[in-house]
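Structure, as structure tokens:
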Amino acid sequence: QAQPVESGGGLVQPGGSLRLSCAVSGFSTDYYGIGWFREAPGKDREGVACITSASDSTSYYKDSVKARFTISRDDVENTVYLQMNDLQPEDTAIYYCAVLSNSCYIGTVYYSPYDHWGQGTQVTVSS
């Protein structure tokens, strides 16, 4: 079964930047969008950014990251990116990408058997 693969996590100081990648090759184009989610210690997983697969590539963001994070698609490379700037300690989490079958959303996660999740990549923001 095809599975998205995340990369790009690491340790960064407050105010720093990271770019996460989500490789989605092997999937048909019949999905609604790609979402980036994060799960901080002791907290529920939440959606922070999402981009539709349609030609208009509509993007959605959690309010707390809207001014700092940018989601984008490279259809040639079959990769979705999450550029994260001005990272703060509260951004520390495991970041997951997911191929979403029905909708693009942020916030509370709605698990579907038709969605496909990656294994995650750790982002740690600390001085």
Side-chain angles (χ1 to χ4, degrees):
Q1 182 176 351
Q3 182 178 33
V5 179
E6 305 96 335
S7 62
L11 173 64
V12 63
Q13 293 185 340
S17 298
L18 285 174
R19 189 178 78 158
L20 305 183
S21 300
C22 175
V24 294
S25 61
F27 290 94
S28 72
T29 57
D30 190 20
Y31 58 86
Y32 196 91
I34 305 290
W36 278 102
F37 300 79
R38 67 186 181 187
E39 187 170 336
K43 295 187 177 180
D44 293 333
R45 191 174 299 187
E46 63 175 358
V48 296
C50 194
I51 188 167
T52 63
S53 62
S55 58
D56 60 357
S57 292
T58 303
S59 302
Y60 304 88
Y61 296 94
K62 181 179 171 64
D63 285 346
S64 62
V65 308
K66 189 176 295 185
R68 303 181 294 122
F69 291 9
T70 302
I71 190 170
S72 61
R73 276 170 40 196
D74 183 331
D75 292 337
V76 174
E77 297 293 330
N78 290 317
T79 301
V80 172
Y81 300 100
L82 185 67
Q83 177 67 43
M84 305 187 296
N85 298 327
D86 191 24
L87 284 161
Q88 300 300 317
E90 54 265 33
D91 296 314
T92 295
I94 300 173
Y95 283 71
Y96 300 88
C97 71
V99 177
L100 304 173
S101 58
N102 290 323
S103 64
C104 219
Y105 64 91
I106 57 171
T108 302
V109 175
Y110 300 96
Y111 291 102
S112 164
Y114 304 106
D115 296 341
H116 301 271
W117 290 81
Q119 294 298 310
T121 185
Q122 176 70 48
V123 171
T124 302
V125 185
S126 175
S127 55

### Query
Shortest non-hydrogen contact from A93 to R38?
CB-CB, 3.8 Å
### Query
Linking I/L/V/M/F/W/Y whenever any side-chain heavy atoms sit under 4.5 Å apart, do F69 and Y81 land together?
no
### Task
Would you sort out whether T92 and Q122 count as a side chain to side chain contact (heavy atoms under 4.5 Å, CB included), showing the intermediate values?
CA-CA 8 Å; T92 295; Q122 176 70 48; 4.1 Å; yes
### Query
Within a radius of less than 6.0 Å around OH of Y111, do more than 12 heavy atoms belonging to other residues, nucleotides or ligands occur?
yes
### Query
Would V109 end up clustered with V48 when hydrophobic side chains under 4.5 Å apart are linked, directly or stepwise?
no
### D91 versus V125, closest heavy-atom pair with distance
CB-CG2, 4.3 Å
### Message
Give me the atom names and distance for the closest heavy-atom approach of G8 to L18.
### Response
O-CD2, 3.8 Å
## Note on the structure
So the ring-ring contact (aromatic ring centres under 6.0 Å, His included) pairs with at least one residue in residues 33-53 (sequence neighbours excluded) are F37-Y105, F37-W117
### Task
Could you check if a side-chain atom of T124 sits within less than 4.5 angstrom of a side-chain atom of V12, using non-hydrogen atoms only?
no
### Message
Quick check: do Y95 and M84 have side-chain heavy atoms less than 4.5 Å from each other?
### Response
yes
### Query
Would you say T58's side chain and T52's backbone share a donor-acceptor pair under 3.5 angstrom?
no
### Check against side chain to side chain contact (heavy atoms under 4.5 Å, CB included), V80 and L82
CA-CA 7 Å; V80 172; L82 185 67; over 6 Å; no
### Query
Taking all atoms of both residues into account, what is the closest heavy-atom pair of L87 and R68, and its distance?
CA-NH1, 3.9 Å
### Task
Count the heavy atoms belonging to other residues, nucleotides or ligands that lie under 6.0 Å from CG of D44, then report whether that count exceeds 12.
no
### Query
Of all residues at least two apart in sequence or in a different chain, which pass the salt bridge (charged side-chain N to carboxylate O under 4.0 Å, His left out) check with D63?
K66
### Non-hydrogen atoms of P4 and V99 that approach each other most closely
CG-CG2, 4.2 Å
### Query
Quick one: does T121's side chain get under 4.5 Å of S7's, heavy atoms only?
no
### Query
When rounded to the nearest 0.5 angstrom, what distance separates CG in D75 from CD in E77?
10.5 Å
### Query
Do I106 and V65 share a hydrophobic cluster, counting only Ile, Leu, Val, Met, Phe, Trp and Tyr and linking them when any side-chain heavy atoms are less than 4.5 Å apart?
no
### Task
For residues I34 and R73, determine if any side-chain heavy atom of one lies less than 4.5 Å from a side-chain heavy atom of the other.
no
### Message
Applying side chain to side chain contact (heavy atoms under 4.5 Å, CB included) to Y32 and N102, what does each step give before you reach the verdict?
### Response
CA-CA 6 Å; Y32 196 91; N102 290 323; 5.7 Å; no
### Task
Please examine the side chains of H116 and Q3, heavy atoms only from C-beta on, and report whether any two atoms are closer than 4.5 Å.
no
### Message
Using 0.5 Å steps for rounding, measure from the CD1 atom of I51 to the SG atom of C22.
### Response
11.5 Å
### Task
Locate the shortest heavy-atom distance separating S59 from I71; write the atom from each residue and the value.
OG-CG2, 3.6 Å
#### Entry: Step-by-step side chain to side chain contact (heavy atoms under 4.5 Å, CB included) determination, L20 to E6
CA-CA 7 Å; L20 305 183; E6 305 96 335; over 6 Å; no
### Task
Could you tell me whether the side chain of N85 and the main chain of S17 form a donor-acceptor pair under 3.5 Å?
no
